[in-house]
Each structure stands twice: as C-alpha cells, then as structure tokens.
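Chain letters run A, B, ... following the sequence lines, proteins first, then strands; residues in each count from 1.
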Amino acid sequence: MKEYLVEIFNRLSEKIDYLRNIEILFSVPTQLGHGDYSTNIAMILSKQLKRSPTSIANEIVQKLQYDSKIIDKVEIAPPGFLNFYFKSDFINNIIKTILNENSNYGKSEKYKNKKALVEFVSANPTGPLTVGHGRNAVVGDTVANMLETVGYNVDREYYFNNAGRQMRILADSVKLRYLEICGEKIDFPEDYYQGEYIKDIAQKIYDEKGKGLSTDKNLEYFQNIAETEIFTDIKNTLKNIGIEMDSFYNEYCLYENKAIENLLNTFKEKELSYEKDGALWFKLSQLGQEADKVIIKSTGEPTYRLPDIAYHVTKYQRGYELLVDLFGSDHNATYPDVVAGVKALGYDTTKLKVLIHQFVTIMEKGSVVKMSTRKANFITLDELINEVGADVVRYFFIMRSIHSHLNFDLELAKKHSDENPVFYIQYAHARICSILQMTKEQELNSSIEHLDLLTTESEQVLIKKLYKFSYEVLYSTENYEPHRIALYLEELAESFHKFYTECRVIGVEKDLSEARISLCIATRIVFRNGFKILGINAPERM
RNA sequence: GCGCCCGUAGCUCAAUUGGAUAGAGCAUUUGACUUCGGAUCAAAGGGUUGGGGGUUCAAAUCCUCCCGGGCGUACCA
C-alpha cells in the first residue's frame, strides 16, 4: 500500500512543482474511519505556499492519478488531511506475500552483510546475575535479534573488567571464607562480598585442595577460581533465557596485547594527556567535555576509562560497521568520556550507538527491594526464571520502553503469571494451531483462489495488521525500540481473537473456508516471526 | 548545584516521533459457550497527560520556568 502511494506521488510531483524535493509522510491513522493511509502534506505546505490546506489538498486530489482497482477512494478531511482507502482485493494480496515469504516475511535486506557488534550484560563476575541484570540481557539480545532481521551480521559480546579493585575484593572474600573453613578465625569486612555463593566457592576449593594452600601468595589463584565458577553460573543463567554470547572480552587481555600501552602512547603523542598530582589526566575539556579526568591514578593503576576506550578501539579495528552498547542508567555519566576518547583518536562515532535503559524496581509485598551484589541482598535471575518461566521473564523485560522505569512486581509475576500479556499472544498462536489441526482432520484445504471473499471488517483489520508487521520491524529496529514488537504482537493477537469470534473458519461455504484458512496460516507465520525476534516460544498447545 | 531518564485512568504502562475522538492490560460492574480452545469476545465507568507560560493550522510529544521521583555527578566499575 505504502509503496503504491509513494509511486503515485512521485509521478504527481512531475506535474506539481511544490511536491518536488520534499519528503511526503504517509501514516496509518488511529481511527478506522480515516482511511488506510493518511498524509498531512497539504497542511505542511500551507504556510510556504500561502494557501489554505484544503485548496492544496483539492489540487492534489484532482491531479493525482491512480489505479481504481487499487485505491478505492481519496478523501479530504479537515483541516487538510488526505485519506486513502484501498480496495480490499488489493489489501488481501498481502496474504499471498506472507505465504510465499513464510519465515522470511518481516525480514529486510536493507543492512545486508553489514557487521554489527552488540555489547550487553557486561556485568563483572562478582556474583550471580540478578533480576536487575535481566533487563539488560533481554533487551540486548532482542536488539541483536532485530538487527539480524534487517540484515546485519550480529555478534553478541560480553565485556568484563577483571583487572581492578572489585575483583581483588572478590578474591580476598573467597580467601577469607576459605580460611574460615580451614578453622581460622577471620574478620570479614562489611564491604566484602557477603553472599553464600562465596562460601560455596571456598568450600569447593577446600574440598579439592584441603588446608594446604599458602594463602598469602595465592590471591590470583582465588580470583581465577572465583571468576571461572561465577562465569559458569552466569553463562548457565543466560542460557536459561535463550541467550548465547559469541564472545567474552576481558579487560586483562587489553594489557596483555599492549592495547593499553599503545593507547597511552597515542594520547601522549597527540598531547591529550598530562601529569598532575602524581596521576595521569585525560584532556577531556579539550574534547567538549566538562572537565579533565584521571586515566592513571597516583597508585599507578588505570581507571576504568582507559581500558574502556582501548576496548572500544578494538571494536573498530575488528571491522564492525555498527556498534551498540547497552548500559543501565548508572553508566550514563561514564560513556561520554569513552565516546570522546574514541572520537579523539579519529574513529567515526556515528557508528556507535549507546543505549541507556532505566532501572528495574523490584516490588515485593508492596515495597521496594533494594538490591546490592556486595551486600548479597538480591533476587537472582535464575530464581525468577524458575518461578515464572523464561518466556514471561523475556516478555516482561521487553514490553516497556527502555527509557521508562520498569516496575517488576514479584508477587504479580509469580502468583498471577497467567494474566501476563505473553499468554494472550501465545494463546492466539495456540488457537490458530488448534484450528489448523482441526481443518486437517476434516480434510479442508487452504487456498488463495478466493481471497476476495475476506471482506468483513474484522478480516480486513487483521489483514492490514499483518501488512504492518514488516514496517514495524524495520521502524522498531532503526529506532532501537524493541518494546514496539511486543506491542505490535498484542495488537495482532487482539485482531485475531476478534476475527475468531466473528468469523468461522470451519463449517462455512468451501471457498470462504479455504480463504480463511489461508488467513490463519498467514497470521501464524507473523506470530512465529515475531516470537522469534522476541526470543519466546510459539506453543501449539497451552 | 549540574547531567541523563521519568511523571498519562485506582495500579502497571502505550501512543506510528508534532496529527484527527489520548489507548491497552490488571482491578471494578454487566453480558456472551449443546458449533473451530471462555487463557477469549462484547459493553460500561474511570483523564484539565504533575502545574504555569510559550511556539503553530495542530502539543502528552518541541521551548521555558516551577513541583515531584530514579540514576549519576570519584584518583569505584
């Protein structure tokens, strides 16, 4: 439909000067009575042409040439909208397209063969993933799915810092617990990792090595074991919600491969760094930032900025054309330094898209649960997955805009999980499967010979909704708004349920029945393609 | 103080990026199964889009000033 409008307006612009070199937007009106597509072009041009919108609209309608087999009518609605109504025969062709393209329907080749890297989760391995990390994990994976749908070759990457203070405290925490198990009296500092999992790791070391470890020399040993153990756990959790990383990139290797050293030299050459108070500073104030920041502390240890910049440089060096970073809002003050850094090195930062999602507020029994890995006051993502299932977890985290604070009511998720919208859309899919199973048993076939019989309002609404899918995918992807896919699927389910209530598939006249079976199959295809993007199951029975 | 995000129905959130009568789910009330799955459908109530001012044919959306909340604002990540 939209393509056709663009086509006829392109031809029209040869006849009407003022339509040249401007972008004409077509949108689907919210009101059913406002046509299938609508444009506001007459109102936009009104000021520039010093004419009334209706006079412009009238001229457009008079000179616009279109195939009356495709467009039924064009209306002018005050204060100057142009509303286009398409012939249902033409609209129904979308069913053929969907059946043909099948699992490819909704995909686009717009970004074919381009390489993208999505960095997400990136939690340091100091403990299990919590519900708080869940949003990042699910959004990141879904954005990656979306980018794949529009043609990108996507790599999913997890970056972590294992050379800093956090990890030393982790190692020391394990060491102290180990000594405790060995029978020594210990003083366990309050700001150390309090979680039970630390004791589990210590116990495992004790079981394998006994008491004999010379603990004061083996902090690195404790860190390695803790890192390995915790990562095994993290990877397992990710797997439980269907996430598989292509790579894990650690800070330590940036020291090993001299990336940090090289970066420091480059900064020095470009006079972007200087020494003050025993520390090395990065001249961010010259790069449009508010103040200079320290990159190497007076202790000789780098701050996170240095490895983060070096890490992002490797992304460019690895040849990606799109870099997506996904952070929680606690990082919103740090990423501009990194962006400024890579920009100063001459890299194209328009390729770098930083997404910041707001925090998840956990509600339990009506009050907010404050989470802290250090204090071991958290609900793990695994616990949540076990309670409500992976589909609900994924859907819950994706259904809201990333800019909005997400209120996760544990009681609601656990006790009333059958009220979750994810069941609404999965139910629609299961229902279709059930109908199709039944038509099979009754030896009814699908056919596209008589799609013209699909004329009722609920059929037309459903078909137009199916048509919308490919646009929705592209739009949501280009704007990094994964929640719109969930929203779309809810609309689709609504349209299908309504069709189901009003139109019988089985037990009506043969040609009509066959056409409706085709519509059901097409709807099932769109549900499956949508579910695949969201990473949730398409159950045939519930 | 400054930066980013948010404030929309009783609650949780949408709104095709500036469009036409601001929509869903939950909750409340009321209807619909001897026929394809009632995890559904239909209907009702519920709103000065936090507040004031501005921009224009048109503002929940953009600008500005207040009010309220979240996250930051390190020689932590």
Side-chain angles (χ1 to χ4, degrees), chain A residues 25-31 33-34 38-40 42-44 46-47 52-53 77-81 83 122-124 126 160-161 164-167 169 251 277-281 290-291 293-299 301-305 307-308 328-336 356-359 361 363 399-409 412 416 418-421 423-424 426-428 430-439 442 444 468 471-472 475-476 479 481 483-484 486-488 490-491 493-494 496-498 500-508 513 516 520 541-542:
Chain A
L25 295 173
F26 300 100
S27 61
V28 179
T30 44
Q31 296 288 319
H34 293 152
S38 159
T39 183
N40 58 359
M43 289 176 289
I44 303 271
S46 172
K47 194 168 199 175
S52 79
F81 289 105
N83 296 337
S122 295
N124 288 340
T126 58
F160 61 101
N161 299 96
R165 184 168 156 268
Q166 264 191 19
M167 292 303 285
I169 292 177
E251 178 189 9
D277 305 331
L280 191 68
W281 294 70
E290 237 168 60
K293 297 275 175 65
V294 169
I295 44 176
I296 294 185
K297 299 185 237 176
S298 51
T299 59
E301 198 178 27
T303 63
Y304 68 90
R305 282 177 201 96
D308 274 12
S329 62
D330 55 338
H331 280 69
N332 80 53
T334 68
Y335 82 85
I356 301 286
H357 67 83
Q358 296 303 306
F359 271 25
T361 308
M363 302 289 290
M399 66 194 274
R400 305 301 185 201
S401 156
I402 62 167
H403 305 293
S404 142
H405 298 268
L406 179 65
N407 215 320
F408 203 127
D409 190 326
L412 198 78
H416 305 286
D418 58 329
E419 285 161 9
N420 193 297
F423 291 104
Y424 181 75
Q426 287 182 324
Y427 179 66
R431 216 173 200 185
I432 295 172
C433 292
S434 173
I435 294 170
L436 294 177
Q437 178 60 34
M438 209 158 290
T439 58
Q442 300 188 19
L444 294 165
K468 190 181 167 191
Y471 288 93
E472 194 61 51
Y475 184 90
S476 309
N479 290 285
E481 295 185 340
H483 73 284
R484 296 184 64 100
L487 211 70
Y488 167 81
E490 283 178 42
E491 282 176 21
E494 187 186 357
F496 177 76
H497 284 311
K498 183 139 182 156
Y500 173 89
T501 308
E502 293 179 4
C503 301
R504 293 194 59 79
V505 177
I506 297 166
V508 293
S513 180
R516 285 181 175 163
C520 285
R541 255 181 239 105
M542 292 178 70

query = Listed by chain and number, what are the side-chain contact (heavy atoms from CB on, under 4.5 Å) partners of A:Q437, not counting sequence neighbours?
reply = A:E441
Reckon [X] has a side-chain N or O less than 4.0 Å from the OP1 or OP2 of [N]?
X	N	value
A:H34	B:U21	no
A:T439	B:C36	no
A:Y424	B:C26	no
A:T501	B:C41	no

query = What's the closest nucleotide to the A:M438 side chain, out of B:A20, B:G37, B:A15?
reply = B:G37
Between protein and nucleotides 54-63 of chain B, what N or O pairs are separated by less than 3.5 Å?
none

inquiry  = Rounded to whole Å, how long is the line connecting atom OH of A:Y500 with atom P of B:C33?
reply    = 14 Å
task = Starting at atom CD1 of A:I435, determine the distance to atom P of B:G38, rounded to an integer number of angstrom.
result = 10 Å
Which residues pass the salt bridge (charged side-chain N to carboxylate O under 4.0 Å, His left out) test with [X], not counting sequence neighbours?
X	result
A:R484	A:E472, A:E481
A:K498	none
A:E301	A:R168, A:K297
A:R400	none

task = Give the B/S/- string for nucleotides 69-77 of chain B, one per nucleotide from 5' to 3', where a protein heavy atom under 4.0 Å of the base yields B, of only the sugar-phosphate yields S, and otherwise -.
result = BBBS--BSB
Any residue meeting ring-ring contact (aromatic ring centres under 6.0 Å, His included) with [X], in chain and number order, not counting sequence neighbours:
X	answer
A:F81	none
A:F160	A:F231
A:H483	none
A:Y424	A:H497

Any protein N or O atoms within reach of nucleotides 49-51 of chain B? Criterion: under 3.5 Å, listing atom names and distances.
none

ask   = Is the aromatic ring of A:Y427 within stacking range of B:G37, meaning centres under 5.5 angstrom and planes under 30 degrees?
value =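 Ring-base stacking flag not set for A:Y427 and B:G37.
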